[in-house]
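Here the structure is laid out as structure tokens; the discussion comes afterwards.
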Amino acid sequence: MQEQYSPRDIEHAAQTAWDQTDAFKVEETPGRETYYCLSMFPYPSGKLHMGHVRNYTIGDVIARYQRMQGKNVLQPMGWDAFGMPAENAAMNNKVAPAAWTYSNIDYMRNQLKSLGLAVDWSREFATCTPEYYRWEQWLFTRLFEKGVIYRKNGTVNWDPVDQTVLANEQVIDGRGWRSGALIEKREIPMYYFRITDYAEELLSSLDNLTGWPEQVKTMQRNWIGKSVGMEVHFPYDQASIGHAGKLKVFTTRPDTLMGATYVAVAAEHPLAAQAAETDPSLLAFIDECKRGGVSEADIATQEKQGRATSLFVEHPLTGEKLPVWIANYVLMGYGEGAVMAVPAHDERDFAFATQYHLPIKPVIRTSAGDTTPEPWQDAYGEKGMLINSEEFDGLDFDSAFTAIGEVLKQKELGAPRTQFRLRDWGISRQRYWGCPIPIIHCSNCGDVPVPDDQLPVVLPEDVVPDGAGSPLARMPEFYECTCPRCNQPARRETDTMDTFVESSWYFARYASPHYDKGMVDPAAANHWLPVDQYIGGIEHAILHLLYARFFHKLMRDEGLVDSDEPFKDLLTQGMVLADTYYRIDAKGARTWFNPADVEVERDAKGKVVRAHLASDGEPVEIGGTEKMSKSKNNGVDPQAMIDQYGADTCRLFMMFASPPDMSLEWSDSGVEGAQRFLRRVWRLAQQHVGSGRPAALSVDNLTDAQKDVRRATHLAIRQASQDIGQHHKFNTAIAAVMTLMNVLEKAPQAEDQDRAVLQEGLETVTLLLAPIVPHISHALWQALGQQTPVIDAPWPVLDESALVQDSLELVIQVNGKLRGHIQVPADASREAVEAAARANENVLRFTEGLSIRKVIVVPGKLVNIVAN
RNA sequence: GCCUCGGUGGCGGAAUUGGUAGACGCGGCGGAUUCAAAAUCCGCUUCUGGUGACAGAGUGGGAGUUCGAUUCUCCCCCGAGGCACCA
């Protein structure tokens with residue numbers, strides 16, 4: 001055993017040993033319990049960032065721990081390879097997205113390998129290869145024929161200068177990020193997945209996902225947003241609108257229908273267009289509503305505006321004429337694109353009615369009374385008894401719902417309905433670097449799916465986009481084709497799919513990554529699926545995880561997989577943060593400095609008070625701790641860390657600094673602390689091994705001191721087993737091992753049994769650390785005299801008898817305040833404990849002059865004496 | 001604006017889920033070793049008062065339940081993630 005801990009040699013040796021034995025390659029082995037551990041695959045952006053390192057370390061710790069539990073563990077890795085950054089890089093560097101992507105993959109694969117992940121690399125794939133996306137296209141054609149995919153218009157951000165569609169991310173303060181032009185909303189035809197058909201199941205099966213964080217399930221429930229309500233029709237006729245018809249709205253509060261004083265429609269609603277025909281100012285307002293981006297956050301925070309029209313609809317119950325308004329807060333894409341407004345009982349309607357002096361008619365008796373004076377109070381929105389509602393007066397919410405529903409039904413002006421907030425998933429993208437949508441547009445036959453024998457529709461890889469629309473739409477060699485049905489000249493669809501589609505089924509493909517007879521080999525897929533543990537960023541809590549659940553159900557309904565849900569357990573990891581430092585120049589602009597280039601100054605207590613740039617010694621401002629990002633220049637390069645300290649130190653620091661679902665603050669001195677700990681482990685093992693083989697452990701013949709050491713060993717086993725196996729709290733598991741090391745370093749080594757106890761302690765340290773720091777553990781395990789590699793060693797077993805103690809220390813409180821400690825025999829009776837507590841010197845002192853009312857004894861913990 | 005989560009020493013965090021607040025680590029201070037430095041080792045380190053034993057306060061702020069609250073309830077403040085074309 002080398003005297004010095006040398007991570008470079010150790011890590012190289014361990015990785016070579018794993019490679020030579022194909023240690024992490026797995027096959028379907030009948031009879032062996034499987035464990036599928038999956039971390040969200042990376043987008044090949046160029047190089048690994050700390051978020052990746054954290055994600056893959058967490059996954060690797062779990063995978064290696066499960067292997068030590070004897071399971072057949074699958075941990076794969078691949079590349080989410082389509083996406084916008086490749087197109088942006090192409091525009092900046094004149095490189096084809098394909099070449100850029102593949103070279104990034106090659107670089108990042110090496111980086112991942114240097115982390116020593118227990119990954120089966122034989123299953124690696126990239127989603128941008130035809131071998132992968134052809135099956136996505138195949139499923140698309142199936143779903144199109146089943147009607148699960150359909151075409152309709154959708155709203156996009158349109159940059160009128162660059163003549164291109166922009167992603168929400170590319171719209172900054174309502175302007176295009178490259179052109180600076182004011183963005184407009186534009187309607188274009190797109191393909192949609194009918195995810196709303198699965199809304200009910202996506203909602204209800206969340207209840208079965210007991211291994212998911214409540215937080216994520218709550219977010220998904222709210223996103224799907226099931227609401228039971230009423231569809232209400234407001235009729236209109238020749239006199240009020242020019243032709244007869246009905247304005248449809250949906251409401252969750254039909255009990256307030258008698259309080260409706262106007263209706264509001266979206267700017268894109270047909271009634272708005274009709275009203276504008278005779279009123280140029282309305283046309284201008286509708287145009288104004290088209291300004292700005294399409295994202296909900298933008299729309300929800302913009303100023304609520306509306307315009308009256310000359311149109312009226314009839315109240316479905318009273319026949320009263322209600323004015324039609326056009327409002328920018330009503331969205332065409334949500335529900336019916338129209339709402340009934342009840343200002344007395346809806347906050348947004350209240351604000352709008354107040355602003356535009358519309359009538360406010362209270363129809364519910366709330367805890368605020370029968371009237372609704374300004375300003376708005378939350379109580380106005382409560383449910384309660386109906387008032388001012390004619391025949392419905394006196395009813396409560398449920399009976400009003402039923403009664404009003406009955407009347408509407410009789411009049412054929414509405415009916416109860418369930419509505420979801422979830423909208424169908426639009427997947428058409430007017431971009432190049434994505435999976436081509438396998439549709440052929442024929443003037444005779446309409447939209448024709450590409451037949452199986454013509455799949456895949458291959459994306460040409462030698463294209464460099466220029467930011468002005470989709471290059472495919474300018475490539476006749478791509479879009480010119482013949483109709484598979486009528487053989488007439490036809491045009492191929494040039495839109496590509498949302499990249500969320502690739503990431504919605506990759507987890508299934510890993511089961512049979514090179515299968516060429518179908519999307520998945522059902523036998524392999526059902527062997528491994530569902531994923532036992534899925535790990536990824538909390539930012540994916542809704543979209544990616546919902547789409548993947550949806551796709552799994554689509555695949556189930558195609559007969560490809562048996563299970564209903566793709567991910568049994570879910571761990572959402574927090575972000576990686578680092579300190580920020582900046583200077584403000586004369587113009588007020590901030591220049592950000594990387595923490596690696598900054599030195600901090602501390603006061604006497606160690607609190608950071610100032611910071612300066614190392615290169616010029618001049619002060620910089622301290623900007624707080626934020627997510628590592630290019631914009632704040634606070635990223636720490638994982639490669640530099642691995643090169644300097646080794647993978648084990650990085651892994652240990654990341655797992656120790658905070659629990660996986662919390663954010664993690666990067667700290668250089670924390671990394672050094674992790675390295676220091678590994679050196680201590682190495683040094684103690686080296687000393688111990690250097691003194692020769694220890695005697696066999698004889699547990700029945702130990703001194704009290706030896707029992708104490710052994711007790712520390714088994715306390716660590718208990719703590720680490722709970723923390724890693726049940727709670728995924730690696731930080732406290734590591735703390736338990738550190739506590740054990742503190743004991744082992746001070747333990748006597750003179751006697752035979754001293755050394756036997758120490759041997760057990762060091763073996764335990766090695767095994768408990770093996771999932772977290774696999775390289776050093778590999779070397780230590782060999783040095784401690786073990787023949788089989790540590791990756792195949794079983795997780796240590798707790799010996800309860802090692803924990804037994806003769807006496808316990810109890811806490812003594814008087815009126816809930818800590819007043820002392822007493823030592824009692826472990827088997828002392830309640831009476832004996834109480835008597836010992838009452839006799840305690842401090843108890844006597846603090847109860848002097850008081851009478852004892854009650855004594856609370858918590859066995860094994862404390863005694864609280866209540867006195868007054 | 002809406003949905004979700006979080007806030008504990010100088011810092012990262014811990015607290016067996018209602019029972020000793022601050023485990024473990026970082027930083028800081030003091031000491032040992034060294035010609036010196038690095039490395040390493042030992043001790044102290046929530047705040048306030050006190051030489052001290054000790055006392056009081058303390059888990060974002062405010063109220064409440066309880067013998068006892070970081071933990072449960074209500075209100076408020078601040079921060080983070082998501083909002084359907086970033087991935």
Side-chain angles (χ1 to χ4, degrees), chain A residues 40 42-43 45 80 83-85 154 156-157 165-171 213-216 218-219 221-223 225 293-302 304 329 333 348 421-431 498-500 503 537-544 546-547 572 574-575 577 602-609 624-627 653 656-659 661-674 676-677 679-680 683 719 722 729 731-732 734-739 742 809-813 815-818 821 853-856 858 861-862 864-867:
Chain A
M40 290 181 186
Y43 176 79
S45 53
D80 185 16
M84 285 205 313
V156 294
N157 303 306
V165 176
L166 294 185
N168 285 338
E169 186 196 48
Q170 298 170 316
V171 179
E214 275 312 314
Q215 174 195 3
V216 175
T218 306
M219 281 193 269
R221 281 190 194 104
N222 292 338
W223 183 263
V294 299
S295 85
E296 189 183 300
D298 286 347
I299 290 162
T301 49
Q302 76 190 358
K304 311 274 176 293
Y329 69 84
R348 199 171 50 178
R421 203 189 81 97
L422 181 69
R423 311 198 300 259
D424 276 340
W425 176 15
I427 53 128
S428 292
R429 299 289 180 269
Q430 299 69 45
R431 292 183 214 297
D498 181 359
T499 56
F500 269 127
S503 56
I538 183 68
E539 66 273 19
H540 296 293
I542 296 176
L543 290 181
H544 162 63
L546 189 66
Y547 292 147
T572 50
M575 293 176 310
L577 317 177
R602 295 170 186 274
D603 66 11
K605 286 181 177 170
K607 184 179 181 177
V608 174
V609 286
T625 319
E626 300 203 45
K627 180 177 177 176
F653 167 72
F656 181 59
S658 68
D661 53 353
M662 241 189 252
S663 60
L664 179 151
E665 290 187 29
W666 189 262
S667 146
D668 284 340
S669 46
V671 178
E672 281 163 26
R676 196 174 304 148
F677 174 70
R679 279 201 301 261
R680 278 171 53 198
R683 192 187 327 128
Q719 185 75 40
Q722 270 176 11
K729 297 261 253 170
N731 56 331
T732 47
I734 294 164
V737 180
M738 287 174 166
T739 307
N742 289 341
E809 189 182 63
L810 298 188
V811 165
I812 303 301
Q813 296 181 333
N815 289 331
K817 276 189 196 287
L818 176 70
H821 300 266
R853 302 285 172 202
K854 203 176 186 185
V855 178
I856 290 152
V858 182
K861 285 266 192 298
L862 61 71
N864 186 17
I865 292 167
V866 185

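Numbers restart at 1 for each chain; the letters A, B, ... are given by sequence-line order, proteins then strands.
Residue contacts shown for A:Q813 include a base, since a base heavy atom lies under 4.0 Å away. Among the atoms of the strands shown, base atoms are found under 4.0 Å from some heavy atom of A:V165. Using a 4.0 Å heavy-atom cutoff across all strands shown, A:V171 reaches no nucleic acid atom at all. Across all strands, A:T499 comes closer than 4.0 Å only to sugar-phosphate atoms, never to a base (heavy-atom distances). As judged by a 4.0 angstrom heavy-atom cut-off over every strand, A:G225 is placed among residues making no nucleic acid contact. When heavy atoms are screened at a 4.0 angstrom cut-off, A:L422 is found touching base atoms of the nucleic acid. Within the nucleic acid shown, A:P659 comes within 4.0 Å of sugar-phosphate atoms alone, with no base atom in reach, counting heavy atoms only. No contact: A:Q719 has no heavy atom under 4.0 Å from any strand. Heavy atoms of A:H544 sit nowhere under 4.0 angstrom from any nucleic acid atom. Using a 4.0 Å heavy-atom cutoff across all strands shown, A:V866 reaches sugar-phosphate atoms only and no base atom. Among the protein residues, A:M40 comes within range of no part of the nucleic acid, since none of its heavy atoms lies under 4.0 Å from any strand. Counting non-hydrogen atoms under 4.0 angstrom, A:Y329 reaches nothing in the nucleic acid.
The shortest side-chain heavy-atom distance between A:V216 and A:R221 does not fall under the 4.5 Å cut-off. At a threshold of 4.5 Å between non-hydrogen side-chain atoms, the residues A:Y329 and A:Q302 do not count as touching. Here the side chains of A:L862 and A:Q813 are in contact, with some heavy-atom distance below 4.5 Å.
Nearest nucleotide to the A:S295 side chain, out of B:A84, B:U20, B:C67: B:A84. Considering only the side chain of A:A297, B:G1 comes nearest among B:G1, B:G81, B:C24. Which of B:C24, B:C83, B:G19 sits closest to the side chain of A:L543 comes down to B:C83. Of the listed nucleotides (B:A84, B:G13, B:G19), B:G13 has the atom at the smallest distance from the side chain of A:N731.
Separating the CD atom of A:E296 from the C1' atom of B:C83 is a distance of 5 Å, rounded to the nearest angstrom. Rounded to whole angstrom, the span from the CG atom of A:D661 across to the C1' atom of B:G81 amounts to 13 Å.
With its glycosidic angle within 90° of 0, B:G9 is assigned syn. Annotated as syn: B:U17, whose O4'-C1'-N torsion sits within 90° of 0.
With sequence neighbours left out, A:Y43 forms a ring-ring contact (aromatic ring centres under 6.0 Å, His included) with no residue at all. Judged as a ring-ring contact (aromatic ring centres under 6.0 Å, His included), and not counting sequence neighbours, the contacts of A:W425 are A:F193, A:Y547.
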Summary of protein contacts for nucleotides 3-12 of chain B, nucleotide by nucleotide, where a base hit scores B, a sugar-phosphate-only hit scores S (4.0 Å, heavy atoms): SSS----B-B
Sequence-aligned protein contact record of nucleotides 37-46 of chain B, with B where the base is within under 4.0 Å of a protein heavy atom and S where only the sugar-phosphate is: --SSSS----
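In terms of heavy atoms, A:F653 sits closest to A:E665 at CZ-O, 3.8 Å. When every heavy atom of A:T732 is checked against every heavy atom of A:Q719, the shortest pair comes out as O-CG, 4.3 Å. In terms of heavy-atom proximity, A:M40 sits nearest to A:G537 at SD-N, 3.9 Å. Closest of all the heavy-atom pairs between A:D498 and A:G426 is OD2-O, 4.4 Å. Contact detail for A:S663 and A:L577: the closest heavy-atom pair is OG-CD1, 3.7 Å.
Helical stems in RNA chain B, defined as runs of 3 or more consecutive Watson-Crick or G-U wobble pairs with donor-acceptor distances under 3.5 Å: B:1-7 with B:77-83, B:10-12 with B:24-26, B:27-32 with B:40-45, B:46-49 with B:54-57, B:60-64 with B:72-76.
Using a 4.0 Å cut-off, no side-chain N or O of A:K729 falls inside it from OP1 or OP2 of B:A23. OP1 or OP2 of B:G25 sits under 4.0 Å from a side-chain N or O of A:N742.
Judged by distance alone with a 3.5 Å cut-off, no donor-acceptor contact links the side chain of A:N168 to the base of B:C85. Side-chain to base pairing of A:E539 with B:C86: no donor and acceptor N or O lie closer than 3.5 Å to each other.
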Which protein N or O atoms sit under 3.5 Å from an N or O of nucleotides 56-61 of chain B?
from: B:G56; atom 1: OP2; to: A:R819; atom 2: NH1; distance (Å): 3.3
from: B:A57; atom 1: OP2; to: A:K817; atom 2: NZ; distance (Å): 3.1

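When atom types are taken as modelled, the side chain of A:N864 and the backbone of A:I856 share no donor-acceptor pair closer than 3.5 angstrom.
Residues A:N815 and A:R853 have side chains that never bring a donor and an acceptor to within less than 3.5 angstrom of each other. Between the side chains of A:S295 and A:D298, at least one donor-acceptor pair of N or O atoms lies under 3.5 Å.
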